[in-house]
Amino acid sequence: MKILDISTEVKEIALKTPFITALRRVDAVEFVRVKVVCDDGSVAYGEAPATRAVTGEDIYSILSDIAFIQEELIGLTPKDAIVSLHLAEMGSSAKAALDMALFYLLPQTKEKQNLTLQTDITISLKDSDEMISDATQAIASGMNILKVKFGGDIKHAIEVTNRLSELDAKLIIDANQAWTQDDTMEYLEATLNVKLELIEQPVKADELHELRCITNYSHVPILADESVFTLEDAKAIIEYACADMINIKLMKCGGVTKAIEILEFARKNDIKCMLGSMLEGPISINAALNLAMEYSDVIAYIDLDSPLLYKEPSNELEFDFNGCEITRK
Ligand SMILES: [Mg+2]
């Protein structure tokens with residue numbers, strides 16, 4: 001089986017309400033969908049959203065990266081194409097879109113797992129009262145793990161966290177790099193009585209020394225997100241004890257093939273992971289959820305709530321979302 005054609009299109013899915021973090025605000029999920037066709041008639045799809053704030057890529061760079069490499073991949077087997085793809089210098093999301101399509105075209109040796117998984121739901125960064133109201137609404141609609149987005153205003157983060165502690169839900173805190181080491185220490189002191197699952201990426205991606213000091217000091221587990229793209233990053237973070245856990249996202253590591261390498265490393269070293277996503281389309285969420293089912297022993301947290309944020313449900317999902325529970329269709 002050889003690759004005959006690769007094509008792309010840009011798609012958009014409207015959101016129920018805007019998604020707001022310390023890094024950005026968006027009203028719709030916009031992504032590139034790539035279609036790979038083989039000479040035996042097999043067809044597979046991949047997707048990549050533009051998340052410039054994290055991966056540095058926009059829709060145009062994803063399209064141009066795919067256009068740049070596609071001639072090299074046409075005529076190869078999917079297996080050889082995956083090797084060529086990962087040798088190329090290009091954006092990690094563009095790679096992820098191609099990788100997930102090519103991975104799907106490989107002979108599938110493992111049976112697909114069918115578990116009930118739980119995803120968290122994002123509570124966007126807003127003023128305090130709105131965040132409490134959004135959280136209350138999310139809990140009422142069946143969610144029980146909240147991923148709460150904060151920005152640089154540490155007093156606001158402390159106030160909202162203390163108020164959220166009165167609600168009946170597990171709390172994951174994501175600062176998206178907005179805090180300093182001092183902010184984080186202040187936050188930890190002021191929320192000592194609140195049970196937190198973890199704090200995600202308090203400081204800037206390259207502030208590994210600060211991240212390590214925080215991890216060493218903190219009674220709450222620290223999760224590295226923007227600091228970890230590749231397997232090498234994951235190894236360094238763990239070796240130098242910069243964080244307790246890592247957040248794996250297909251768009252950061254370059255797709256399913258690379259995510260599996262990180263998950264195998266985590267499994268061997270008994271490191272718990274979060275499997276996360278950007279705001280993504282249904283095909284890349286399917287790819288992530290298939291991984292989440294296969295690596296449920298190392299994936300302690302699932303942050304794949306994009307489909308819950310779509311204005312209209314997607315019929316391209318292989319999974320049902322019922323409140324926080326996810327099952328295979
Ligand atoms: Mg994060």
Side-chain angles (χ1 to χ4, degrees), residues 15 18-26 29 48-57 92-93 96 118-126 131 134-135 138 143 145-152 154 157 160-161 164 170-180 183-184 187 196-208 210-211 214-215 218 220-230 233-234 237-238 242-254 259 262-263 266 271-280 284-285 288 291-292 299-306 308-309:
L15 296 177
F19 180 89
I20 312 162
T21 75
L23 300 174
R24 62 198 184 119
R25 174 200 163 101
V26 287
V29 195
T51 319
R52 187 198 277 276
V54 182
T55 70
E57 297 164 274
S92 57
S93 304
Q118 284 200 333
T119 181
D120 60 27
I121 181 107
T122 302
I123 302 298
S124 279
L125 173 60
K126 296 181 184 170
M131 289 181 78
D134 288 352
M143 305 306 296
I145 311 170
L146 307 181
K147 176 151 170 174
V148 188
K149 298 287 192 178
F150 288 127
I154 205 71
V160 172
T161 303
L164 286 173
K170 291 183 177 173
L171 300 176
I172 291 172
I173 304 304
D174 192 357
N176 286 108
Q177 318 180 60
W179 298 350
T180 63
D183 288 337
T184 314
Y187 178 86
L196 298 175
E197 293 294 307
L198 57 92
I199 298 175
E200 185 169 336
Q201 197 69 46
V203 294
K204 294 208 169 55
D206 60 359
E207 291 181 354
L208 294 185
E210 288 80 355
L211 193 61
I214 291 166
T215 300
S218 175
V220 180
I222 302 295
L223 179 136
D225 180 4
E226 287 91 337
S227 295
V228 183
F229 273 56
T230 62
D233 295 339
I237 289 279
I238 298 304
C242 297
D244 302 293
M245 290 185 261
I246 50 177
N247 187 341
I248 303 170
K249 293 177 180 167
L250 296 176
M251 297 305 141
K252 292 189 299 176
C253 69
I262 302 175
L263 286 162
I271 298 150
K272 295 292 177 221
C273 304
M274 175 182 282
L275 190 72
S277 64
M278 312 298 183
L279 260 179
E280 295 186 15
S284 55
I285 294 292
L291 274 181
I299 297 172
Y301 296 95
I302 292 170
D303 176 31
L304 298 171
D305 61 344
S306 299
L308 292 168
L309 310 177

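Order of listing sets the numbers, starting from 1, for every ligand and every atom in it. For clarity, every value in this text was computed on a predicted model and none was experimentally measured.
Electrostatic pairing of Asp120 and Lys170 does not count as a salt bridge here, judged by no charged N lying under 4.0 Å from a carboxylate O.
Taking distances strictly below 2.8 Å, the protein N/O/S atoms close to the Mg ion (ligand 1) are Asp174 OD2, Glu200 OE2, Asp225 OD2.
Using a 4.5 Å heavy-atom threshold, the side chains of Asp244 and Leu198 count as separate. Side-chain contact between Glu226 and Val54 is present, with at least one heavy-atom pair separated by less than 4.5 Å.
Partners of Thr122 by side chain to side chain donor-acceptor pair (under 3.5 Å), not counting sequence neighbours, listed by chain and number: Asp305. Shown here are the side chain to side chain donor-acceptor pair (under 3.5 Å) partners of Ser227, two or more places apart in sequence or in another chain: Gln201. Listed by chain and number, the residues in a ring-ring contact (aromatic ring centres under 6.0 Å, His included) with Tyr301 amount to none (sequence neighbours excluded).
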